[in-house]
There are 2 protein chains.
Amino acid sequence: MGTTQLESVPEPKYWHLRTVLSEALDSEFEVGEILPNERDLAARFGVARATLRQALEQLELEGRLQRRRGVGTTVAPPRVGVAVGTREHAWPGAADDAWQAADCHLAAPPAAVADVLETDRDEPVHTVRRSRVSHGQPVAAELLYVPPSSVPDLTAIDAPSGPARARAVLRELQRGDLERQESAVELGSAGADDAKELDRLPGAPVLVVTTRYLAEGRTAALSVATYRADTCRLTFGDFGDVEIHHGPETRAS
Amino acid sequence: MGTTQLESVPEPKYWHLRTVLSEALDSEFEVGEILPNERDLAARFGVARATLRQALEQLELEGRLQRRRGVGTTVAPPRVGVAVGTREHAWPGAADDAWQAADCHLAAPPAAVADVLETDRDEPVHTVRRSRVSHGQPVAAELLYVPPSSVPDLTAIDAPSGPARARAVLRELQRGDLERQESAVELGSAGADDAKELDRLPGAPVLVVTTRYLAEGRTAALSVATYRADTCRLTFGDFGDVEIHHGPETRAS
DNA sequence: GAGTGGTCTAGACCACTTG
DNA sequence: AAGTGGTCTAGACCACTCT
C-alpha cells in the first residue's frame, strides 16, 4: 500500500534498486546526462542515502555511472576498449603508442620486481613512469622497470632523469629485439599517487596489468600498469570495438 | 588529545585503517587465520563499525581477506594464477582443461551475442554452461555460445540438453580447427546466478572475460566467463607463478 | 555561498553458520 | 542459542566544484 509491493524473496534493497536504476538508465537517460542528486533520489525511492549510495556504487563499478564530488552523477559512456596485448599499442617505445613518458629515474625496485628481473635486490634499475590517455581521458598509469643490462647502449650523457631520459630508455629497450610478452590481470585499488594521476579517489578500483617483456630468453623489462576499472575494457588480440557485457542481465535465455 | 595524534593531511579514516590492517596482515597473521570480529575490531580502533567495514571491503577487493557470513573474516591466500590465453587451458574442449561442462541447451542468445556471432537475433545457438574449479574452489562461471553452423556434424540423437550434450558440442567445436582467439577483460559484478555458482553474494566483483573464437576467418563461438575477482589473477601467455602485485604500496622507490 | 558527492557515526535488525 | 558478517537507518559534517 505504500510505494509498490513487498517482495516475498528478501532481495536486498540496494540490489533491487540497482536493477531498477539500471533499467532506467537504459530507457530514460542519455550518455552524459546528469542524474538527480543522491538526497533526492533516496527520498524518491524511500530509502536512506547510504542504501541508495550502495546501489550507485555498484553501477559505478559496472561502468554505468560516473560520480564526481562537487559536481554530480552522470551516465557514463560505454567502456573504451584499450589494447593491451598487441605490439603496436602496448610495447614499450613503439612509434604510435598511446603512452606518454612522464619521468625516469634510477633506483632499486621493490624486492618482488627484482626477483622477476633476476637482478640483485639492491641493484638499481631504470624506472620509467608513463601515463596512457585515451579519448582525452587518463586511463592508465604505469611503472616500467628496465635493468641497465637491457639497454647497454644507453648513453650516460643526457640528464639522468626526466621525460627525455625516459624516452631514451624506451628507445634503447626497443632496439633490443623484444620477443614476446606475458601478462597477468588482477583487480586492485588505486594508491594515492595512481589515484591522482587517474583523476580518481584513493581506493578506486583498477585493473592491474603486470607484463613481462622477454628478449633472448630472459626478462628484459617488467611493467606494472594500473588501468581505471570503471572506464576501461582491456583487449587482448584484436578484440577492438566489440561491446557485449552490459550488466549481469546480459545472459537472458 | 584523545587517542593518538591528529593528521594534518585529512586522509580518510577508512583508508588509514586499510593501511594499518594491511601491514598487520603482513607481519602478524598467517594465511587462513581468523581475524577478530568486526565489532571488536571497530572498538579497538575507535571507529564505527561501518568505517571498519569500509577498510575490510578494500582489503577483500584486493584479495587480502576473505569474509563469510556467519563464520568470520580470514586472511586470504595469494591469488591463484588462472591461465586464460593458452590453448591448453582455455580452449573449449581441450583435453586437460579445468572446465566442467554443466549443461547445454539450444536457445536464442542475447542480441549483442547474436551480433558478434553474425547470426540472426532469433536464431537459436547451443548455449553451454561450464564452471571452472581451481585448487578445489570454484573460480569461474561461463556461458559459451556456439552457432549450429560451427558444429555441423553434431548428431541430434543424444539428449537435447544436459552435461553429455554439452561435452558433445565442445568435442565437435574442437574438431573445427579453431585458429585463434581474441579476449577482452573488464570489471563487473556477479548476478544472482553467477554469485551462487561462485559461492559469493550478488554484486561480488568479477572479472568478465569475453572471448571470441575464430575459425576460417569467422567467429566460431563466443564465451562470456566471469572470474572471481577476489581470488583470481588472470594470466595471458605463460605468466604462471609470478607474484608481484601486493597492494598499492608495491611501488616503493 | 549553495549544491554536490564523500566520510563517519551509533544504533538496529536480518541471514547465516556453528556448537 | 550464540556469534558472525550483511543490510539499513537518520542524521551529521567535510571536501570539493561551481557561479
Side-chain angles (χ1 to χ4, degrees), chain A residues 2-3 6-19 21 33-43 45-61 65-76 189-190 192 195-196 199-205 230, chain B residues 2-3 6-19 21 33-43 45-61 65-76 189-190 192 195-196 199-205 230:
Chain A
T3 52
L6 296 172
E7 296 285 341
S8 55
V9 177
E11 186 182 47
K13 273 188 187 178
Y14 79 91
W15 185 256
H16 183 243
L17 246 185
R18 187 209 76 106
T19 307
L21 286 171
E33 201 172 339
I34 304 180
L35 268 64
N37 72 54
E38 297 182 349
R39 291 162 179 87
D40 285 353
L41 276 178
F45 287 104
V47 299
R49 187 160 78 112
T51 304
L52 172 80
R53 278 179 60 81
Q54 228 178 323
L56 295 184
E57 273 153 28
Q58 283 283 337
L59 292 168
E60 190 178 30
L61 203 76
L65 291 179
Q66 196 160 349
R67 301 194 285 172
R68 274 177 303 170
R69 168 154 51 176
V71 180
T73 302
T74 58
V75 180
S189 52
K196 186 185 286 186
D199 192 26
R200 299 260 66 196
L201 292 173
D230 55 344
Chain B
T3 53
L6 295 172
E7 296 284 342
S8 56
V9 178
E11 185 181 47
K13 274 188 186 177
Y14 79 92
W15 185 256
H16 183 243
L17 246 184
R18 186 209 76 105
T19 307
L21 287 170
E33 201 172 340
I34 305 179
L35 268 63
N37 71 54
E38 297 182 350
R39 290 163 180 85
D40 285 353
L41 276 178
F45 287 104
V47 299
R49 191 176 154 221
T51 304
L52 185 269
R53 278 179 60 81
Q54 228 178 323
L56 294 184
E57 272 153 28
Q58 283 283 339
L59 291 167
E60 191 178 29
L61 203 75
L65 292 179
Q66 195 160 348
R67 301 193 288 172
R68 273 176 304 169
R69 168 154 53 175
V71 180
T73 302
T74 58
V75 181
S189 53
K196 185 184 286 185
D199 193 25
R200 300 260 64 196
L201 293 173
D230 55 345

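All values reported here derive from a predicted model rather than from experimental measurement.
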Within the pair [X] and [N], is there a side-chain N or O less than 4.0 Å away from OP1 or OP2?
X	N	answer
A/T73	C/dG5	yes
B/Y14	C/dC8	no
B/T51	C/dT9	yes
A/R67	C/dT4	no

Categorize [X] for me: base, sugar-phosphate, or nothing, with a 4.0 angstrom heavy-atom threshold over every strand shown.
X	result
B/L56	nothing
B/R39	base
A/R53	base

Per the side-chain contact (heavy atoms from CB on, under 4.5 Å) rule, which among A/L201, A/L35, A/L56 passes with A/R67?
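Output: one option passes, namely A/L56.
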Starting from [atom2] on [N], measure out to [atom1] on [X] and report it in whole angstrom.
X	N	atom1	atom2	result
B/R18	C/dC8	CZ	P	14 Å
A/N37	C/dA2	CG	C1'	12 Å
A/R200	D/dC16	CZ	C1'	14 Å
B/E38	C/dA10	CD	P	16 Å
B/R49	C/dA12	CZ	C1'	11 Å
A/Q66	C/dG6	CD	C1'	16 Å
B/L65	D/dT4	CG	C1'	15 Å
A/Q54	C/dT7	CD	C1'	15 Å

Less than 4.5 Å apart, any side-chain heavy atom of B/L41 and any of B/R49?
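No, every pair of side-chain atoms sits at 4.5 Å or beyond.
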Find out whether B/L52 and B/L21 are in side-chain contact, i.e. whether some heavy atom of one side chain is under 4.5 Å from a heavy atom of the other.
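Yes, side chains in contact.
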Quick check on DNA chain D: between B/R68 and A/R68, whose nearest nucleotide comes earlier from the 5' end?
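Per heavy-atom nearest nucleotide, the more 5' residue is B/R68.
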Go nucleotide by nucleotide along DNA chain D from the 5' end; which of B/G72 and B/P202 gets its closest nucleotide reached first?
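Nearest-nucleotide comparison on DNA chain D picks B/G72.
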Tell me, yes or no, whether the heavy-atom count around A/D199 atom CG, taken from other residues, nucleotides or ligands under 6.0 Å, exceeds 12.
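No - once you tally the heavy atoms of other residues, nucleotides and ligands closer than 6.0 Å, there are 12 at most.
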Nucleotide nearest A/L201 (side chain, heavy atoms from C-beta), chosen from D/dT7, C/dG6, D/dT17
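My answer, after comparing the listed nucleotides, is C/dG6.
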Between D/dG6, D/dA15, C/dT9, which one does the side chain of B/R69 approach most closely?
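My answer, after comparing the listed nucleotides, is D/dG6.
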I'd like to know if B/E60 and B/R18 make a salt bridge, using a cut-off of under 4.0 Å between side-chain N and carboxylate O.
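A salt bridge is absent here (no side-chain N lies under 4.0 Å from a carboxylate O).
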